[in-house]
Amino acid sequence: MWDYTEKVKEHFFNPRNAGPLADANAIGDVGSIQCGDALRLMLKVEPTTEVILDASFQTFGCGSAIASSSALTEIVKGKTLDEALKISNQDIAAFLDGLPPEKMHCSVMGREALQAAIANYRGESWKDDHEEGQMVCKCYAVDSALIKDVVQSNGLTSVEQVTHYTKAGGACCSCHEQIEEILVEVNTARCEAPAIEKKEPGPVAEAEPASKPKLTNLQRMRKIEEIIESIRPMLLRDHGDIEIVDIVGKNIYVNLKGACMGCALEAATLGSIQQKLFEDLGEYVRLLPASQLEMAR
Amino acid sequence: MTPIYLDNNATTPCDPAVVAAMLPYFTEQFGNASSIHSFGNQVGLGIKAARQQIQALLGAEHDSEIIFTSGGTESDNTAILSALKAFPERNQIITTVVEHPAILALCERLEKEGFVVHKLRVDGRGRLDLDEYRALLNDRVAIVSAMWANNETGTIFPVEEMAEIAHAHGILFHTDAVQAVGKIPVDLKRSQIDMLSLSGHKLHAPKGIGVLYLRRGTRFRNLMRGGQQERGRRPGTENSPGIIGLGKAAELAMQHIDTENSDVRYLRDKLERGILAKVPRAYPTGDLNNRLPNTSSIAFEFVEGEGILLLLNKLGIAASSGSACTSGSLEPSHVMRAMGIPYTAAHGTIRFSLSRYNTLEEVERVIAAVPPIIEQLRKISPYWNEATNAPAEKAFAPAYA
Ligand SMILES: Cc1ncc(COP(=O)(O)O)c(C=O)c1O
């Protein structure tokens with residue numbers, strides 16, 4: 001059986017705010033029955049202040065899914081919508097004194113329900129952007145969907161690279177065979193991609209760099225923020241986080257937080273994020289810890 | 001509150017008589033059975049007796065057909081790998097979609113190595129289609145492996161008939177009988193089964209001991225190389241306490257085989273009927289007319305298995321589930337999926353597996369405990385409408401699938 005904390009058990013056995021909320025004006029439905037998890041979060045939002053007056057949930061899922069939902073409703077009550085949007089899945093897990101790595105997706109589902117409910121209140125549409133797969137690396141809680149994605153988008157070819165990008169396989173090594181299988185699967189699929197999709201070489205390709213519009217400063221900063229945002233979920237899974245402190249020319253100063261800080265893989269983490277920035281931005285940039293900003297000034 | 005153990009398909013407690021029989025083999029009878037001196041000789045005699053006890057339980061013609069292994073997994077792996085080695089010109093395997101991972105994971109590996117694996121499908125009740133089976137037999141098939149009884153639903157496959165069909169085509173037949181032995185009568189001398197796996201810890205013997213039955217005259221290649229133990233078919237110094245324990249357990253299983261099919265079956269049926277009578281939208285899975293007498297697998301719609309187990313556990317009741325969440329994977333049990341049980345029910349499947357140690361009083365306690373638990377979980381399920389005590393009329397369709 002899972003090694004649940006007392007807090008998880010307590011919230012499972014005595015869930016807070018369970019059941020329908022009659023006068024809810026923000027409802028977020030997320031999850032999927034295939035994965036064995038589904039959550040409906042209901043909020044009662046005060047229209048002028050946007051304060052969450054009441055919250056309740058209905059969950060189909062395992063013990064930790066129910067506990068995470070219960071925790072979420074407790075966390076959001078009394079917060080404004082903007083404050084609530086800052087809640088990360090880590091906050092939910094931390095509220096419960098932690099979740100087993102395989103169960104972190106329950107807290108992710110909580111955060112998504114919250115986003116969906118707020119989008120529902122604001123009349124926006126919300127789209128799920130994460131996919132889950134089989135847990136591969138049990139040491140660092142990395143699943144197959146993330147590894148596939150990283151292998152695919154970065155053209156990785158070795159277990160070592162996968163470890164650098166995701167930490168998967170960085171500890172006990174028992175998942176190396178599975179990582180190798182993912183590498184083979186993704187890379188064979190890539191090789192088998194229909195030939196038509198290949199770009200025609202020649203003048204068109206040559207003209208390409210010129211055709212890429214130069215970003216304005218503002219656009220560039222937004223783009224950097226976007227890229228960092230896209231990396232955060234990965235760090236959050238490892239109980240870490242990253243925040244941009246300043247952008248000075250080619251130097252991007254960041255704060256690594258939580259488990260990332262001082263972790264044995266800090267340098268590797270920075271290195272792989274820098275690589276991603278470099279690739280997505282199309283220019284060379286340096287990723288530096290914010291502590292060096294003081295020195296630079 | 002005394003705990004109630006209804007998870008005997010996962011493992012069983014050792015019978016006290018089994019423990020008593022084993023104890024001397026940790027102390028006075030510590031010798032190596034291969035030794036010539038009296039220390040070894042006594043152990044050798046004990047192992048011989050145990051082999052005969054198991055021969056009797058299986059109805060094997062010769063005691064030399066019993067090979068001691070470390071358990072069900074080793075026996076399953078040995079059987080399949082042996083057949084592939086012994087018939088190098090044959091590269092196909094026929095098995096079923098509902099086998100235990102001891103077979104399925106091996107087959108997946110073999111597929112990667114280039115072997116062709118045919119997996120027989122099952123219908124909604126977990127039954128095989130023997131016509132599909134017949135159509136697959138050809139002279140490139142090295143072995144057919146089908147479980148005697150399914151660990152999740154208890155569904156029994158017609159392995160004796162399947163073995164005859166395989167033999168008619170000159171193909172070896174293996175059965176994983178880990179769940180069947182001790183629960184239903186087995187008489188191998190009257191069958192054409194070539195190999196059979198059994199595991200001690202499913203029949204009140206200890207963990208880490210099992211048997212591969214190998215019909216005399218069957219071509220065999222061992223898995224490991226080493227000494228001459230088990231006639232070289234399974235080298236390594238014998239696990240004498242385990243073997244003695246398994247022998248005793250086999251003897252007890254023979255004495256109780258009728259109890260299993262009368263008393264245990266009665267309790268199982270009472271439990272199943274009792275729960276189904278009180279819980280709406282719940283149904284038993286598997287082949288109800290042809291299953292192990294001790295197993296009941298019930299799908300509770302719109303709730304998730306782990307929650308049920310945690311709440312049962314709080315009341316001291318141990319069962320298990322085919323749900324995803326207890327295994328760490330996200331997909332529900334491959335057995336439930338193979339039978340086409342919808343996801344809304346597959347995730348909420350609970351297996352109750354009884355033994356001769358369970359009592360009527362225990363069964364009554366469980367019948368009383370289950371309905372409020374399901375009700376409690378449905379109350380907080382978005383798929384359920386508490387007011388009408390029925391599935392939510394407006395189907396819950398979350399943002400992503
Ligand atoms: C049908 C079946 N086969 C094989 C096994 C594996 O047996 P063992 O645990 O002895 O390796 C089990 C037990 O989990 C089983 O139920």
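Throughout, a chain's letter reflects where its sequence line sits, starting with A, and its residues are numbered from 1.
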* Asked: Among A/Gly28, A/Ala113, A/Gly63, A/Ala18, which has the most heavy-atom pairs under 4.5 Å with chain B?
  ->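 Winner by heavy-atom pair count: A/Gly63.
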* Asked: Picking from A/Leu39, A/Ile66, A/Thr59, which has the most non-hydrogen pairs under 4.5 angstrom with chain B?
  ->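 Top option by heavy-atom pairs under 4.5 Å: A/Thr59.
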* Using side chain to side chain donor-acceptor pair (under 3.5 Å) as the criterion, list what pairs up with A/Ser56, not counting sequence neighbours. =>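 If we apply the side chain to side chain donor-acceptor pair (under 3.5 Å) test to A/Ser56, skipping adjacent residues, there are no hits.
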* Can B/Arg378 be said to sit on top of B/Phe300's aromatic six-ring, NZ or CZ under 6.0 Å from centre and within 45° of the ring axis? ->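 The answer is no, since B/Arg378 fails at least one limit relative to B/Phe300.
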* Is A/Arg122 salt-bridged to A/Asp82, going by a charged N under 4.0 Å from an acidic O? ->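 Salt bridge between A/Arg122 and A/Asp82, a charged N being under 4.0 Å from a carboxylate O: yes.
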* Given a strict heavy-atom distance threshold of 4.5 Å, which part of A/Ser64 is in contact with chain B: side chain, backbone, both, or neither? ->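 Backbone only.
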* To do: Can you tell which part of B/Ile308 gets under 4.5 Å to a heavy atom of chain A, answering side chain, backbone, both or neither?
  =>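 Neither part.
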* **ring pair (Phe, Tyr, Trp, His ring centres under 6.0 Å): pairs with one or both residues in residues 74-97 of chain A, sequence neighbours excluded** =>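 The answer is A/His11-A/Phe95.
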